[in-house]
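Everything below concerns the one structure shown next.
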Amino acid sequence: MLNNLISAEMPKLPIADWVDTAVDWMSLNLEGLFEGIAVAIENVVDAFTWVFMLPHPILFIVILAAIAYLAGKWKLSLFTVLGFLLIWNLGYWDATMSTLALVLTSGVISIVVGIPIGIWCAKSKGASGVITPLLDFMQTMPAFVYLLPAVTFFSLGVVPGVIASIIFAIPPTIRMTNLGIKHVSGELVEAADAFGSTGTQKLFKVQLPLAMPNIMAGINQTIMLSLSMVVIASMIGAQGIGVEVYRAVTQLQIGKGFEAGLAVVVLAIVLDRLSQNIFKPAQKRRNA
Amino acid sequence: MPILSIRNVSKLFGPNAAQGVKLLEQGQNKQQLAKEKQITVGVNRVNMDIEQGEIFVIMGLSGSGKSTLVRMFNRLIDPSAGQILVHDKDIMKMNAEQLRQVRRKTISMVFQKFALFPHRSVIDNVEYGLEVQKVEKSKRREKAKQSLELVGLKGWEDKMPDELSGGMQQRVGLARALANDPEVLLMDEAFSALDPLIRRDMQDELLDLQEKMKKTIIFITHDLDEALRIGDRIALMRDGEVVQIGSPEEILMQPANGYVERFVEDVDLSKVLTASHVMRRPETITPDRGPRVALELMRERGVSNLFVIDRGKRLLGAITAEDASRAVKDKLTIQDILIPECPVCPPDKLIGEMFEQSSTSPIPISVVDEENRLMGVVVRGSLLGAMAGGANNEGVNANAEQLDIG
């Protein structure tokens, strides 16, 4: 009786219809915008891929190992050499380079867009009130759900993959930038004000440098998340190592799947350690 | 003209703060506002004038509103009502750029927990104020170095703040504030985070620096000893209101109300009061008089010795009653029985430092100015009386006046 009443008096909200309508409208009317974004992203990915494919794998490994060494970690340097030699040996070099290009593209875009948004959130209560729930939404909505509209807007290929990665990976950068700036001690902010800093001077001379450890932690998370998304994105045609994983999984080739997975792991560890350490030695040197 | 004038400045916190200002003026008290309107009164209609070159101490216990008050002087906190005049210009009416100029050129601040920028070296910290003014690099380096030298940190330029001890960190804080060459220095509990011995050193150094620089220093503290030690004038605050403003002596000797009295009752007076506070009018005689006159004078005034001065009131020495009666018998002159080496002290000598001198000499200590003119005498009884808190201030002043006239 009660059930009947509820089902009779409370029609289901047509959220699905609304979203569909909105997506249709956007793909019709904002085509130019999406095309522009697509071209830009494609160019960035191509540029990264071109750069990574340019040197011989050996040279690339040496350069990467050198960067790891400069970041102050000879162990990481050694791991980089062994890990990437393994990838080369297994025959996943090209795929790994494409994946790296994808990860860096979505990582760089996330950082370039995310840090200013994070700063904005820290400065304006209104902004953080709107953006924080949006970030929650982006992080908890299952990734496959926004893979589909991405395909609608940008068709299959690398671009929707990058877009989906950005949506999935940008929240940590925004959150940690916001948090880092808010955690700068009130007395230091007062000191910056008391000596007559402008808002910009305060931001760049005091708040951002002091928020740096937090921001770097956010960037590290962003890179890791975009790597994990890039594998999923291969389902909609993004190139790279994800394709190998996906193929192995669909064809039940357990051994091959493991190999490709291993390549992802190596890439992940190197990216993680590098992005954690690349800014630390500068501070250590100054303290020494 | 005062360099900084505070006129009826209030700071209220809470959702109805704007309305609260009016209610305060209509005579509602803090408790009513807190209960009925959820308004907290941080600073309540404060008035003060701070003069060029003085050390003005704002003292109060925690929660008395002193830190809030001082932050309104450079508008780190905006007052809810009132005027803050720097050189007669109301900083409440300034735009952002004018306010920045005041903060850059006129008012610098030293913070309780130092507030050094941990990512910048010592010299970069000191340079900060000049850097934001876009002063040329070589010029600001030079100024920062001078400033560091002034606070005794030459050679520490390239260290990071966390490599320095607390006392040294606060010197950096002071150097940073001085590098701008401000007219007014706001020091918010600047020495409170330091341990007592270092705090003493820093106070002494601040006084030394002040001798050289003649800045206007506004010093916030909750420590009465510190306030009495360094303050030219002290404003005592309680619950956001100024209870009394006056010199350290006035605060001690003429407390405005019971609160101030209780506040100062535990003060070690021997470290605050000076010879000029406890001296009495001296009984004097000129050397051309005879010993018989001297004896008569002593009997009349009930004293056992007289101070011998010349016509310019310069102290020549003292004579005792015994010597005077011997002189009468042996027909000697006052010159013959004069004791030239009687104990003397300057008027600003702390009475705590006078006990030993006083106990080893039968003759009272005479207080003389730089030209050896006799200003008064300090007998042991008045030292003890002053220590007990019962110094007869009016009497002393009256005596001093008499002396000036006569």
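Keep in mind that what you see is a predicted model, and the values were worked out from it rather than measured. Letters A, B, ... are given to chains in the order of the sequence lines, protein chains preceding strands, and every chain is numbered from 1.
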For R176(B), which atoms come within 4.5 Å of any heavy atom of chain A: side chain, backbone, both, or neither? both
Which of the residues V184(A), T198(A), V189(A) is involved in the greatest number of heavy-atom pairs with chain B at under 4.5 angstrom? T198(A)
Are the side chains of V45(A) and T49(A) in touch, meaning some heavy atoms are under 4.5 Å apart? yes
Chain A contact via E97(B) - which portion, at a heavy-atom distance below 4.5 Å: neither
Below 4.5 Å from any heavy atom of chain A, which atoms of L116(B) appear? Answer side chain, backbone, both or neither. backbone
For the pair F60(A) and F84(A), name the ring-plane relationship: parallel under 30°, tilted 30 to 60°, perpendicular over 60°. tilted
If the plane angle is over 60° it's perpendicular, under 30° parallel, otherwise tilted; pick one for F195(A) and Y128(B). perpendicular
What is the distance from atom CG of L206(B) to atom CG of L174(B), rounded to the nearest 0.5 Å? 6.5 Å
Do you know which of Q133(B), Q101(B), K113(B), M109(B) has the most heavy-atom pairs with chain A at a distance under 4.5 angstrom? K113(B)
With rounding to the nearest 0.5 angstrom, report the CD1 to CG distance, I167(A) to L225(A). 13.5 Å
Got a salt bridge between E127(B) and R140(B), using NZ or NE/NH1/NH2 to carboxylate O under 4.0 Å? yes
Heavy-atom side-chain contact between K105(B) and N180(B) under 4.5 Å: no
Please state whether the side chain, the backbone, both or neither of S197(A) comes within less than 4.5 Å of a heavy atom of chain B. both
Supply the atom-to-atom distance H87(B) NE2 to Q52(B) CD, rounded to the nearest 0.5 angstrom. 6.0 Å
Positions in residues 96-126 of chain A that reach chain B, provided some heavy atom is under 4.5 Å away: none
Under the side-chain contact (heavy atoms from CB on, under 4.5 Å) criterion, do V126(B) and E157(B) qualify, and how do the steps go? CA-CA 9 Å; V126(B) 177; E157(B) 290 86 354; over 6 Å; no
What part of I107(B) gets within 4.5 angstrom of chain A, counting heavy atoms only: side chain, backbone, both, or neither? backbone
